[in-house]
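Below you'll find the structure, written out as structure tokens, and then a few comments.
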Amino acid sequence: MKRMMLPAAAALIALCVPAFGQMAAEVGKDFQPVSGYVVTPMQGDYLIDLDAKQGVGIGDLFAVVQAGEKIVHPVTKQVVGSVESAKAYLQVTRVQSGYSYARVVGKIDGARIEAGNVVRRYQNLPVRFWDYSGRGEGLFAELKNVLPHLEWVDYAAAQASRPAVPAPSGDQGVSLTFIYDGARLEARDPYFQIIRSYGAAAAAALAAPARPAAAGSGMKLQPLPGAGSSAPAYSAPAYSAPAPAAAPSAPLPYKLDERPLTAAAGGVQYEAAFPGFKKVGDLPPGTSFSDFVVADGRRLMACVNGNNLFVFDISEGMQRLGHATLPYTVDLLSVRWWKPSPTDPLHLAVTGWVSKEDSQKLSSAVFVLEGKGGLRLLEDRIGYILGSLDHDGDGLPEILLAQDFSNLTFFGARYYRYTLVKGKLRQGAPGISLPNDLAVVSGRCIDLTGNGKPEFAFVRNNILYIYSSDGKKRIWESNKQMGGSLSQAMHVLQKSDARKTGISDVTSLEVPPAAADLDGDGRPELVILSLEKVAWGIAEGAVSGVKKSWLGVVKFREGMFVKGTIGEALEIPLAGVTVTGQEVLFIATEPPELLGKKGTSYLLSFPLK
């Protein structure tokens, strides 16, 4: 019997060790150190001179390196190096061609991050390995072997301190956490958001004996997601079951990013498939941005393509009400509805961008919707980015905001408010407290947490932000990509001394999220358009090169925000979304054809029941 069991055990280990090695090799590629430099600070964030060509991706963590004591050779007396440590950590939020954006997630008190500082990916970073399979010590050893630059907590010490189900550590330190359940390996960042995920079913068979080891130690820094803000709320643990709660009798129209261990009888089925979509009607080719409003019993849609503004009544089918253009060449990149007062007609605020070799500027405008759908130009050549907010919760956006332009970030830091006085626009102070990094074109006010006060939700640079009702506290931000838009403006980055750096940037003017109670629990969810582009697809206006698109969902549940999706990913870009009681309506625009011909645009529908 022993002679039979020993070869079998040896064969089992021989099969599984390569599986661990393969998974560790994949992890090694994603977490190898890459060196670069800080290029320039940008309103609390930083540019680093690394991009996708060096394997850099959104969520990557970089140590800002400071040199310490010099290492002198005892015989030659030559300096062979220095002891390095991390004075701060940055996390990549956006990758461009030739550089990336990164924000501070932690730093030593008093440390300064300056242009020219060396940055190294995943250097001097504490990391722990939580094994929920009881058979992952072999994988832990492989990971230590391929990633020696990380500061690993010993296996036994990490298991002794891990919670019963994955959850954020109480120390709030800047560190990585690898979580293994026998089939899947996740890497989570300091905010406990998933930044990498790997699968290897064969590895589940390995039974590696645990052994005692001393606890490791490493430098711990406090996460600092941004000036004047708090750390984002954590996403739901990947392996925890949802707490029992009253649920709708029908399956939910979305699925959340989690995998419950069990599902209570009659409970929510988060993996329920979503039905397909249907075509409602055709839109003007190249539609790149849209906004929706319900007024006087009608559901209205406004959209832009190039120099054109269109208005449709989509209450029952599609009826075109109005069309307008500006009397000069300008790309209209966004449109938002505005209702100045209960007695005023609906207005439309469009943001326009003029880009020439010798001139780059904003040229926005405000139109009035008259009669049965005529559009009258109220004022144009406005040098601000325009957006609106429904702050009083009546469903009609009564606040029209103007945001100044910044060469570095496109969206500036100064905000104004337009009011309508005797039929003319008057500019003044905002009148309400706003988030300091708000993008007005994509802003939405909605009570997501159920505290009776509307939070600010907006998308900027492929990240969804949610702020408290006073605009001062950032309560959540998406770690992974959410947002994206067909409307883009290319502008030249400039330093503070106004000298050109020679680097151009492309900024997306992103569609605002829709808000609706999808699951019938009395609390709204956010529905967000999301696009993933290929690197070569950058152009101004409606662009090609979109790898995939999808409808994202964010819900506040059990004290935290959880992400999800509606339906399956599509291969066509999206340009607008709204939710009725029966369906999710969204705009899809096919990529432009050769010779500049605009792609076909459609209004599509997902049934909710």
Side-chain angles (χ1 to χ4, degrees), residues 24-41 45-71 79-95 99-129 140-154 158 169 171-178 185-193 195-196 216-225 479:
E26 293 178 15
V27 177
K29 293 178 182 178
D30 291 336
F31 288 85
Q32 281 301 311
V34 178
S35 295
Y37 295 93
V38 173
V39 176
T40 183
D45 292 349
Y46 295 87
L47 290 184
I48 61 175
D49 63 344
L50 300 167
D51 63 6
K53 294 178 182 178
Q54 290 84 36
V56 174
I58 294 175
D60 280 350
L61 292 160
F62 281 82
V64 182
V65 176
Q66 67 178 4
E69 183 180 353
K70 294 181 179 179
I71 303 173
V79 176
V80 296
S82 63
V83 178
E84 294 182 341
S85 60
K87 64 179 180 180
Y89 285 103
L90 306 175
Q91 187 168 35
V92 173
T93 59
R94 185 179 174 198
V95 179
Y99 60 98
S100 298
Y101 289 81
R103 68 165 52 93
V104 178
V105 293
K107 65 178 181 178
I108 297 174
D109 290 341
R112 296 181 60 185
I113 305 173
E114 300 173 327
N117 283 166
V118 175
V119 293
R120 290 202 182 96
R121 187 174 67 167
Y122 298 113
Q123 189 75 30
N124 302 106
L125 187 65
V127 59
R128 54 202 170 198
F129 180 88
F140 170 77
E142 291 282 353
L143 292 175
K144 282 190 64 177
N145 183 52
V146 299
L147 302 173
H149 53 283
L150 294 175
E151 299 178 359
W152 291 89
V153 176
D154 285 338
S169 174
D171 58 21
Q172 299 291 299
V174 176
S175 62
L176 278 175
T177 304
F178 284 97
L185 177 70
E186 290 178 354
R188 295 194 175 226
D189 70 4
Y191 303 132
F192 217 62
Q193 304 272 2
I195 53 177
R196 296 286 190 280
S217 62
M219 179 178 62
K220 297 180 178 179
L221 308 176
Q222 293 301 313
L224 300 172
N479 183 51

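- Going from atom OG1 of T40 over to atom OH of Y46 covers 9.5 Å, rounded to the nearest 0.5 Å.
- Taking the side chain as every heavy atom from C-beta outward, Y37 and V118 approach each other to under 4.5 Å.
- The two residues I113 and A88 come nearest to each other via the heavy atoms CD1-CB, 3.7 Å.
- Counting all heavy atoms, side chain and backbone alike, L176 lies closest to D189 at CD2-CA, 4.4 Å.
- Legend: residues meeting side chain to side chain donor-acceptor pair (under 3.5 Å) with N117, ordered by chain and number and at least two apart, are K87.
- From D154, atom CG reaches atom NZ of K144 across 5.5 Å, with rounding to the nearest 0.5 Å.
- The line from CG of D45 to OG of S100 is 12.0 Å long, rounded to the nearest 0.5 Å.
- Looking only at side-chain heavy atoms (C-beta outward), Y89 and V64 stay at 4.5 Å or farther from each other.
- For the pair Q91 (side chain) and G59 (backbone), a donor-acceptor distance under 3.5 Å is present.
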- request: Before giving the answer on side-chain contact (heavy atoms from CB on, under 4.5 Å), spell out for L90 and L61 the whole-Å C-alpha distance, their side-chain angles and the decisive distance to 0.1 Å.
  value: CA-CA 6 Å; L90 306 175; L61 292 160; over 6 Å; no

task: Could you give me the CA-CA distance, side-chain angles and deciding distance for F140 and W152, then say whether side-chain contact (heavy atoms from CB on, under 4.5 Å) is met?
output: CA-CA 10 Å; F140 170 77; W152 291 89; 3.7 Å; yes

Without placing hydrogens or testing angles, list every side-chain donor-acceptor pair under 3.5 Å for residues 24-33, not counting sequence neighbours.
{"from": "D30", "atom 1": "OD2", "to": "Y198", "atom 2": "OH", "distance (Å)": "2.6"}
{"from": "Q32", "atom 1": "NE2", "to": "G28", "atom 2": "O", "distance (Å)": "3.2"}
{"from": "Q32", "atom 1": "NE2", "to": "V146", "atom 2": "O", "distance (Å)": "3.2"}

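- Of the listed residues (V56, L50, I195, D51), just one forms a side chain to side chain contact (heavy atoms under 4.5 Å, CB included) with V92, and that residue is V56.
- Partners of T177 under the side chain to side chain donor-acceptor pair (under 3.5 Å) rule, at least two apart in sequence or in another chain, are R128.
- Q54 approaches V34 most closely through the heavy-atom pair O-CG2, 3.8 Å.
- The two residues I108 and Q66 come nearest to each other via the heavy atoms CD1-NE2, 4.4 Å.
- If you take OH on Y122 and CZ on F62, they are separated by 8.0 Å, rounding to the nearest 0.5 Å.
- Across all their heavy atoms, G55 and D60 have their closest contact at O-OD2, 3.9 Å.
- When every heavy atom of V174 is checked against every heavy atom of P190, the shortest pair comes out as CG1-CG, 3.9 Å.
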